[in-house]
Amino acid sequence: MSQKKWYQMTPEEIMVAQNLESSKGLTSTEAMQRLEQYGGNELSDGTKISPILLFLGQFKDFMVLVLVGATLISGLLGEYLDAITIVAIIIMNGILGFVQEYRAERSLRALKELSAPNANVFRDGVVLQIPAGELVPGDMVLLESGDRIPADLRFIETNSLYAEESALTGESVPVNKHTQVLMGEDIPLGDQRNLGFMGTMVTRGTAKGIIVRTGMDTEMGKIADLIQNTETMQTPLQHRLEQLGKILIVVALVLTLMVVAAGILHGQEPYGMFLAGVSLAVAAIPEGLPAIVTIALAMGVQRMIQRKAIVRKLPSVETLGCASVICSDKTGTLTQNKMTVTHLWLGGDIIEVAGDGYDPQGELTLHGNPVELANNQMLRRLLQVSVLCNNAKLVEEKEEIKHRKQALDEPLSMWSIKGDPTEGALVVLGAKAGMAQPATEALYQRVAEFPFDSERKRMSVIVEHQGGRMACTKGATDVLLHQCSYVLWDQMVIPFTTTLRQKVLAANEGMAKNALRVLGFAYRDLKPTENATHEIDVENGLIFIGLAGMIDPPRKEVREAISKCRKAGIKTVMITGDHQATAEAIAKQLGIMPAANGLALNGQQLTLLSDDELDARVQDTCVYARVSPEHKLRIVKSLQRQGHIVAMTGDGVNDAPAIKAADIGIAMGISGTDVSKEAAALVLSDDNFASIVSAIEEGRSIYENIRKFIRYLLASNVGEILVMFLAMMAGLPLPLVPIQILWVNLVTDGLPAMALGVDQAENDLMQQRPRGARENIFARRLGWKIISRGILIGVCTLAAFLIVLHQELGTEAATLVKAQTVAFATLVMAQLIHVFDCRSSRSIFHRNPLQNRYLVLAVLSSLLLMLAVLYIERLQPIFKTVALNGQDWIIVLIFAGIPTFLMGMGSLLSKPPKRKSIRYGTTKPVIR
Ligand code: ATP
């Protein structure tokens, strides 16, 4: 008999087949052994390029090959030293290119690994969170709504489980999963309902499963080659620069040809001219540009990681700098998500709850007098529902954590919450009032749960007690009221009249206006015969008990971050599932909402607005309250129609469409689901709004750095070509010999350009409007700066050359060598001075040149490399140089300094560019 398929086995058979001895999962030793036996749970992506190939790739450039050819010829003609030196320079250039590309490749790989998902697994009897890549067959994993299934597994426990398997089966509607054995022989994948497959998503429910296949053995692994992540990691800018690079090659080649032709026409020796032309082409083509762009992006992304923002999609780094609106969740992102119940409302009375944080210490008082639990049936009911309809746990911190906190100077608390903080606050409330959760749960056993989600805005459980069943519900008051027919009032159950409902709503509003998050509570006893399988059967005819209001203080750093955004022309919008009054109160505290009202919309109003009406209001609205996830999508699209570049946060499964639709989708690293993280371009590792602002700042800075080194490289190249071009047109001797041209290229292009890529941002970076998404890289006078500096560098180098050429110095040949050496030194020095100018959008006088240490080091090493060929006697004949004296250096430094000095003076004398003022709330959109 052939071996049974996984779906044909019972959970017990699966455990036997996987050598899983206990329901506590594998031991860590077994897991280690299996990891060695089966390898990691990863799909090989086949994109790894070997370092050797990467190195050889540096020499496949056409012009470099021509240069090698030409060098070989010169070697054959007896110019051995020349040939060897040129080959050495080419190899050094290759090494530099290799290092740049290798670093870029490594950084990209590290980024990919950072965004790899985790999994919850039973090991040694406890639930651990480990990287999904470390899972092995036999591991028992726990799954919940929003999780990505980390490997192929057989479900052994499911709770209303649905999985979306479109990546594998093409079926986009989530399918229901169960644990029953399937008997068919060749059941198609889509019908193997008791198996979960790697890479598919849990859209609803919870489950436990045993892994049966990992890595390339999974169904996903079998088609890994087909679904190879073809999504290019290239950003639009990289793509445009690649195009630009091609144009520059043609331009450089045409100009070089003209230089060669002019030289030959004016009587230069053809072979020498050919070699000079090829060298010039090699120097003028900015071959390092793509690698430096990648490095600047990757290094910037590393900095973002330090600032708690993990980039999942590289192109978003560029878009970040264009963001004009940030739509942010409230709870946990703008606020601390550290809830404490401070007020209860029961039948018209307000009970105050003392105490801070999660410490279960604090008195309950009514009009200043302690409240007796025994005498207050309404309070007992409210506490009962709040601790039973609850999945959070209050735990005492372990000693080692206390010590760690002490060492880090963090606030010391003996208590913490496992689970949702809103629910945690209710457990703490119970403990303060004398209704501890463990004791209550021992009396009332839970038999069913209808979980909370942002759509329903409520949660219910059914508990059994002394043979009877009771439904306990808690949720947003306005939603819960629709489910209630009775109310507890004066310790009695009475019909819930319109007047009483209005009283509840008024109390709710009053608490919310004080920035409290308010939850309502209700219950009812279920009849013995009553069907309680579906939520609609249970959540009706409930008895309303009362309200709990909890504070959730704003995060300290957020106010400043919002003000920074305003200065940067970025509008902040709060989108929350919470009550409008709570949302508005917090928005005012944080400065999102100006004092005047009328800039908030709630979910109900939003539903009634047509797209056109929404478009008319979206520009001025800064708070959206009581929204459901699908509203978020409408808001994103409306903002985009107004020309905004939208950053949008989200955490739940249903937030994924809005996250995807936003220009920059942002997911929460701590509280977010895998689904939201996979849809997102950016993941916040601390769930904090301020980290979004830091990421935007870095995004802007990266873009500006790219502009800086493009400016540097291209202006240098214009200078190099121009000096040769003008000399040949004027029928002058060659101002630079081929080896010198190659050396200039080597010493000036590599390190200084890389150092510019990691330059510090300018001070006013966050005081400028966001740039337009379609802005040309040469915009804001960059093109002019490149051309003007390039021309000045070329002309000044030529002038220095001519001055020395017309001095009376010994023989004609000696004069030429001296003039060429001066030209060589002037060109190098002009570029090394100009590189400091590139750091500022204004001029060299506007920034401290020593601030970027990498740049200072790079320039010093370039300087040394230049001095080496001037002053080391053995190198002089190879590089056709002579030692320069003090007088020569005066000429070199004057002419090398002129371009930067002239431009700097011009900028100092001209008025600073006028910055348009930004009016809050009406940020003018950029054209998309
Ligand atoms: P944000 O969208 O900014 O994170 P939020 O957390 O307030 O805001 P939701 O989680 O969608 O948004 O909550 C909406 C409402 O549902 C809350 O105002 C509260 O009344 C209610 N609620 C929140 N958590 C629970 C829960 N665990 N059980 C029952 N009701 C809840």
Side-chain angles (χ1 to χ4, degrees), residues 331 339-355 362 364-367 371 373 376-390 392 420-430 432-433 435 452 456-460 471-494 496-524 539 542-552 576-586 602 625-626:
T331 312
M339 312 268 179
T340 316
V341 177
T342 57
H343 293 83
L344 300 177
W345 183 91
L346 286 166
D349 287 332
I350 293 190
I351 296 176
E352 289 185 28
V353 186
L364 274 64
T365 51
L366 176 64
H367 309 308
V371 184
L373 188 59
N376 195 330
Q377 192 220 333
M378 288 163 58
L379 178 60
R380 273 208 311 278
R381 271 284 181 236
L382 186 139
L383 296 174
Q384 226 170 34
V385 172
S386 56
V387 297
L388 290 172
C389 183
N390 199 316
D420 175 16
T422 302
E423 299 193 343
L426 296 172
V427 182
V428 174
L429 169 73
K432 283 178 181 169
M435 190 168 296
F452 169 80
R456 283 167 28 83
K457 297 189 173 49
R458 60 180 183 271
M459 161 185 182
S460 300
C472 303
T473 305
K474 71 177 193 314
T477 315
D478 35 341
V479 176
L480 192 63
L481 287 194
H482 296 292
Q483 267 71 41
C484 296
S485 312
Y486 303 92
V487 61
L488 262 185
W489 202 272
D490 286 338
Q491 316 293 336
M492 284 186 308
V493 176
I494 58 171
F496 208 177
T497 60
T498 316
T499 326
L500 290 178
R501 281 173 194 270
Q502 272 160 1
K503 282 192 178 170
V504 172
L505 283 174
N508 185 63
E509 191 79 12
M511 284 183 173
K513 277 202 171 127
N514 284 318
L516 295 183
R517 178 177 176 83
V518 193
L519 251 68
F521 301 84
Y523 79 104
R524 84 178 163 90
E539 293 171 343
L542 296 171
I543 304 164
F544 186 78
I545 313 169
L547 305 172
M550 47 187 92
I551 48 162
D552 175 18
T576 176
D578 214 339
H579 192 275
Q580 183 166 343
T582 316
E584 282 184 22
I586 303 264
N602 63 40
R626 274 285 185 262

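None of these values were measured; they are calculated from a predicted model.
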Next on the checklist: Working to the nearest 0.5 angstrom, can you tell me the gap between S460 OG and L388 CG?
Outcome noted: 12.5 Å
Checklist entry - Taking it one step at a time, do V493 and V487 satisfy side-chain contact (heavy atoms from CB on, under 4.5 Å)? => result CA-CA 6 Å; V493 176; V487 61; over 6 Å; no
Next on the checklist: Determine whether the aromatic ring centres of residues Y486 and F496 are separated by less than 6.0 angstrom.
Outcome noted: no
Next on the checklist: With side chain to side chain donor-acceptor pair (under 3.5 Å) as the rule and sequence neighbours excluded, what pairs involving residues 496-508 come up?
Outcome noted: T477-N508, N508-H579
Checklist entry - Which pair of heavy atoms, one from C472 and one from C389, lies closest together, and at what distance? => result O-SG, 3.7 Å
Item to check | Test side-chain hydrogen bond (donor to acceptor under 3.5 Å, both in side chains) applied to R626 and T576, N602, D478, T582, the passing residue | outcome: D478
Next on the checklist: Counting only heavy atoms not in F452 (residues, nucleotides, ligands), do more than 12 fall under 6.0 Å from its CZ?
Outcome noted: yes
Checklist entry - Looking only at heavy atoms, which two atoms of L426 and A548 are closest? And how far apart? => result CD2-CB, 4.4 Å
Checklist entry - Can you check side-chain contact (heavy atoms from CB on, under 4.5 Å) on M339 and T331, steps first, answer last? => result CA-CA 10 Å; M339 312 268 179; T331 312; 3.5 Å; yes
Next on the checklist: Between the side chains of D552 and R517, is the shortest nitrogen-to-carboxylate-oxygen separation below 4.0 Å, so that they form an ion pair?
Outcome noted: no
Item to check | Polar side-chain atom of N390 near backbone of A392 as donor-acceptor pair, under 3.5 Å | outcome: yes
Checklist entry - About how many Å separate CG of L364 and CG of L383, when rounded to the nearest 0.5 Å? => result 7.0 Å
Next on the checklist: Taking the side chain as everything from C-beta on, heavy atoms only, tell me whether T340 gets closer than 4.5 Å to V353.
Outcome noted: no
Item to check | Steps toward side-chain contact (heavy atoms from CB on, under 4.5 Å) verdict (D349, L344) | outcome: CA-CA 8 Å; D349 287 332; L344 300 177; over 6 Å; no
Item to check | Inter-residue atom distance L547.CG - M511.CE, 0.5 Å rounding | outcome: 5.5 Å
Next on the checklist: Using the rule given for side-chain contact (heavy atoms from CB on, under 4.5 Å), can you reason through W345 versus V518, listing the C-alpha separation, both sets of side-chain angles and the distance that settles it, and then say yes or no?
Outcome noted: CA-CA 10 Å; W345 183 91; V518 193; over 6 Å; no
Checklist entry - R380 and Q377: side chain to side chain donor-acceptor pair (under 3.5 Å), yes or no, with the steps? => result CA-CA 5 Å; R380 273 208 311 278; Q377 192 220 333; over 6 Å; no
Checklist outcome for this item: Per side-chain contact (heavy atoms from CB on, under 4.5 Å), M550 is matched among T422, L429, L516 by T422
Next on the checklist: Can you tell me how far apart CG (L346) and CD (Q491) are? Round to the nearest 0.5 Å.
Outcome noted: 8.5 Å
Checklist entry - When rounded to the nearest 0.5 angstrom, what is the spacing between OH in Y523 and CD1 in I545? => result 6.5 Å
Next on the checklist: Treating K474 as the side-chain partner and L480 as the backbone partner, does any N or O pair qualify as donor plus acceptor under 3.5 Å?
Outcome noted: no
Checklist outcome for this item: Checking R524, Q483, R458 against E539 for side-chain hydrogen bond (donor to acceptor under 3.5 Å, both in side chains), the one that qualifies is R458
Checklist entry - Hey, what do you get for OG (S386) to CZ (R381), rounding to the nearest 0.5 Å? => result 12.0 Å
Next on the checklist: salt bridge (Lys or Arg N to Asp or Glu O under 4.0 Å) for K513 and E584? Distances and angles first, verdict last.
Outcome noted: CA-CA 8 Å; K513 277 202 171 127; E584 282 184 22; over 6 Å; no
Checklist entry - Do F544 and L488 have side chains that get closer than 4.5 Å, going by heavy atoms? => result no
